[in-house]
Structures are given as structure tokens and as C-alpha cells.
Amino acid sequence: MTQTGHRIVKEITKTLTLDYLLHVPETEEQPAEQKWPVILFLHGSGECGSDLEKVKAHGLPQIVDQDKSFPFIVISPQCPEDEFWAMEKEALIAIVEHVLDNYPADPKRVYLTGLSMGGYGAWHLPVDYPYVFAAVAPVCGGINPSKAEALSNVPIWAFHGAKDDVVLLSESQGIVDALEALDANVKLTVYPEGNHNAWDETYSNPELYKWFLSHTL
């Protein structure tokens with residue numbers, strides 16, 4: 001007999017590295033026992049690299065840079081050059097776990113959002129980690145509608161410009177239609193005159209943050 005069955009069992013240690021910006025609200029009246037809600041923000045392809053200042057160009061990092069009292073802990077990681085958020089899923093979750101363990105953060109109120117490349121990341125991350133995020137808000141992103149069942153238990157509010165010529169509206173519409181067919185908690189806001197920049201209007205809308213806070217794990 002030249003062929004026999006065998007099994008290898010080997011523990012592998014993996015090192016994860018990812019730089020990120022962290023905003024913790026500055027307030028004079030925070031009770032010692034207060035835990036802040038958390039938002040994980042994923043930037044677009046233009047902010048990839050090794051200079052964290054680039055991450056402040058758009059979205060929540062830009063907002064909290066100007067508003068120190070913004071009432072969420074905001075985690076804004078930077079994706080390395082020539083990579084995508086799908087390649088950094090484990091590192092992203094490791095950052096969230098680190099913040100939950102070391103800051104006054106509420107594990108039942110962790111939210112996820114991202115724009116463009118980050119919008120795709122915001123759709124994809126909950127597929128693998130469905131019980132981390134209380135609600136998700138992808139902006140001008142998308143995912144294959146075949147992933148709808150894996151996302152069906154996560155409240156999702158998607159945003160897209162009708163005239164987006166970089167990421168077509170169909171990228172959001174397809175997955176939203178598939179989720180609606182499953183009676184999932186999902187909605188899509190389309191900006192009729194909006195092109196690719198759907199994020200300025202989205203992140204300046206106070207209703208988004210009220211919607212986040214209406215959901216807990």
C-alpha cells in the first residue's frame with residue numbers, strides 16, 4: 001500500500017497590522033460609567049496608503065476633526081496601498097475588539113459605515129461578522145445579491161447617487177432588492193441628482209445617527 005490517510009494539526013500565529021485614527025468624544029459632563037456608541041468608518045480608495053492625514057479627507061474623520069464633542073467613538077482605519085478592505089477583515093475586527101476592551105465603548109452599539117471602496121467594505125464585513133454590528137450604512141458601494149441571506153439579520157440603510165458613474169446605482173439596488181425579498185430590515189436612499197459623492201449629504205444628515213442609535217444588539 002503506497003497511500004495512507006493522515007491529518008496534520010498545527011497552530012499558526014498571525015500578526016495583524018493596521019493604522020487607524022481614533023476619536024473619543026471630549027465632554028465635561030460624561031459620567032464615569034457612560035459607554036459611548038461606536039462607529040467603524042471605512043474610507044474610499046483615494047485615502048489608501050500610509051499617511052493617516054489622508055483619512056481625514058472625507059466623511060466621519062473629517063467631521064470629528066472639526067467637532068471634538070461628536071457623540072460617538074469613531075474608528076477610522078487606513079487601508080494600505082493596493083489593497084482592499086476585504087483583505088483586512090480580521091484586522092478591522094481586531095481594532096474594534098481592542099477599542100471595546102480599552103475605551104468606554106458600548107459593545108451593543110457598534111455601527112459600520114463606509115464610502116465607495118469603503119461602501120463595499122461595509123457591505124462585506126457583516127457577512128463574516130454578522131453579530132458585531134448593530135446597524136450598517138454603506139454609501140455608494142455594493143455586494144453580490146447572493147450574499148443577501150448572510151446579511152438578512154443586520155439592519156441596513158444604504159445610500160447612492162442616481163447619476164453615479166463610478167459605482168453604478170445598480171450595485172446598491174441589486175442587494176437591496178434581494179434583501180427586501182427576504183423581508184430584511186433594509187432601506188435605500190437615492191439622491192436623484194447625486195453623482196459619486198453621496199457621502200457629504202449622508203454624513204451631514206442627523207437622521208443617520210438617530211437611526212444608528214435606534215438599533216442595539
Side-chain angles (χ1 to χ4, degrees), residues 23 36-44 58-64 70-76 85-86 89 92 96 106-164 166-217:
H23 161 81
W36 293 105
V38 179
I39 301 176
L40 175 63
F41 169 82
L42 306 181
H43 64 68
H58 303 292
L60 290 181
Q62 184 184 66
I63 290 172
V64 301
F70 186 78
F72 292 78
I73 289 177
V74 179
I75 307 167
S76 303
W85 287 120
K89 290 180 181 179
L92 292 172
V96 171
D106 186 348
K108 294 184 179 297
R109 295 186 296 165
V110 179
Y111 309 108
L112 172 63
T113 188
L115 61 89
S116 195
M117 183 184 87
Y120 281 92
W123 279 111
H124 281 79
L125 195 56
V127 171
D128 293 323
Y129 300 96
Y131 304 111
V132 173
F133 304 104
V136 180
V139 182
C140 54
I143 192 172
N144 192 304
S146 66
K147 301 295 185 181
E149 188 168 351
L151 292 165
S152 61
N153 293 319
V154 183
I156 297 173
W157 186 1
F159 300 83
H160 219 116
K163 298 181 179 180
D164 193 331
V166 178
V167 177
L168 299 182
L169 173 59
S170 58
E171 289 290 283
S172 286
Q173 192 69 64
I175 180 62
V176 169
D177 289 347
L179 285 165
E180 287 179 339
L182 297 174
D183 292 324
N185 185 351
V186 64
K187 59 182 177 177
L188 171 63
T189 292
V190 177
Y191 303 115
E193 300 301 318
N195 201 301
H196 190 49
N197 182 352
W199 49 85
D200 283 348
E201 189 166 354
T202 297
Y203 294 127
S204 64
N205 182 1
E207 293 304 314
L208 171 62
Y209 307 105
K210 293 178 184 177
W211 177 82
F212 274 148
L213 293 173
S214 71
H215 298 284
T216 59
L217 291 176

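Any value given below was found using the heavy atoms of this structure, including those in side chains, with hydrogens, waters and symmetry copies removed. The structure presented is a predicted model; accordingly, all values stated were derived computationally and were not measured.
- H124 contributes atom NE2, which lies 4.0 Å from atom CD1 of I143 (distance to the nearest 0.5 angstrom).
- Two rings, from W85 and H43, have their centers less than 6.0 Å apart.
- With values rounded to the nearest 0.5 angstrom, D200 atom CG is found 9.5 Å from Y191 atom OH.
- Side-chain contact check for V136 versus T113: every heavy-atom pair is 4.5 Å or farther apart.
- Residues L60 and F70 meet the side-chain proximity criterion, which asks for heavy atoms closer than 4.5 Å.
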L115 and F41: side chain to side chain contact (heavy atoms under 4.5 Å, CB included), yes or no, with the steps?
CA-CA 8 Å; L115 61 89; F41 169 82; 3.7 Å; yes
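- When all heavy atoms of L112 and A122 are compared, the pair lying nearest together is CD2-O, 3.6 Å.
- To the nearest 0.5 angstrom, L213 atom CG is 6.0 Å from R109 atom CZ.
- Closest approach of A137 and L208 over heavy atoms only: CB-CD1, 3.8 Å.
- Using modelled atom types, one side-chain atom of N205 and one backbone atom of E207 make a donor-acceptor pair closer than 3.5 Å.
- Within the model, atoms CD1 of I73 and CG of L40 stand 12.5 Å from one another, a figure rounded to the nearest 0.5 Å.
- Looking only at side-chain heavy atoms (C-beta outward), H215 and N185 come within less than 4.5 Å of each other.
- A pairwise comparison of heavy atoms in P71 and W36 identifies O-CE3, 3.6 Å as the closest pair.
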Do I175 and L151 pass the side chain to side chain contact (heavy atoms under 4.5 Å, CB included) test, and can you show the C-alpha distance, the side-chain angles, and the key distance before you say yes or no?
CA-CA 10 Å; I175 180 62; L151 292 165; 4.3 Å; yes
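- Judged purely by distance below 3.5 Å, without hydrogens or angles, the side chains of D177 and Q173 pair a donor atom with an acceptor atom.
- Ring geometry, Y209 versus F72: the interplanar angle falls from 30° to 60°, so the pair is classed tilted.
- Within a 6.0 Å sphere centred on CD of E180, heavy atoms belonging to other residues, nucleotides or ligands number more than 12.
- Atom NZ of K147 is surrounded by 12 or fewer heavy atoms from other residues, nucleotides or ligands within 6.0 Å.
- Here the shortest heavy-atom pairing between G119 and P138 reads O-CB, 3.7 Å.
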Stepwise, does the side chain to side chain contact (heavy atoms under 4.5 Å, CB included) test hold for F133 with L125?
CA-CA 9 Å; F133 304 104; L125 195 56; 3.6 Å; yes
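- Other residues, nucleotides and ligands contribute at most 12 non-hydrogen atoms within 6.0 Å of the NZ atom of K108.
- Atom-to-atom distance recorded for L42:CG and S116:OG is 11.5 Å, nearest 0.5 angstrom.
- Judged by distance alone, the side chains of E171 and Y120 do bring a donor and an acceptor atom under 3.5 Å apart.
- Taking all atoms of both residues into account, the shortest heavy-atom contact from L182 to S152 is CD1-CB, 4.2 Å.
- Atom CH2 of residue W123 and atom OG of residue S172 lie 6.0 Å apart, to the nearest 0.5 angstrom.
- A134 approaches Y111 most closely through the heavy-atom pair CB-CE2, 3.6 Å.
- At distances below 3.5 Å, not a single donor-acceptor pair connects side-chain atoms of H58 with backbone N or O atoms of G44.
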Quick one: do H23 and I39 satisfy side chain to side chain contact (heavy atoms under 4.5 Å, CB included)? Show the steps, please.
CA-CA 10 Å; H23 161 81; I39 301 176; over 6 Å; no
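- Looking only at side-chain heavy atoms (C-beta outward), D164 and L169 stay at 4.5 Å or farther from each other.
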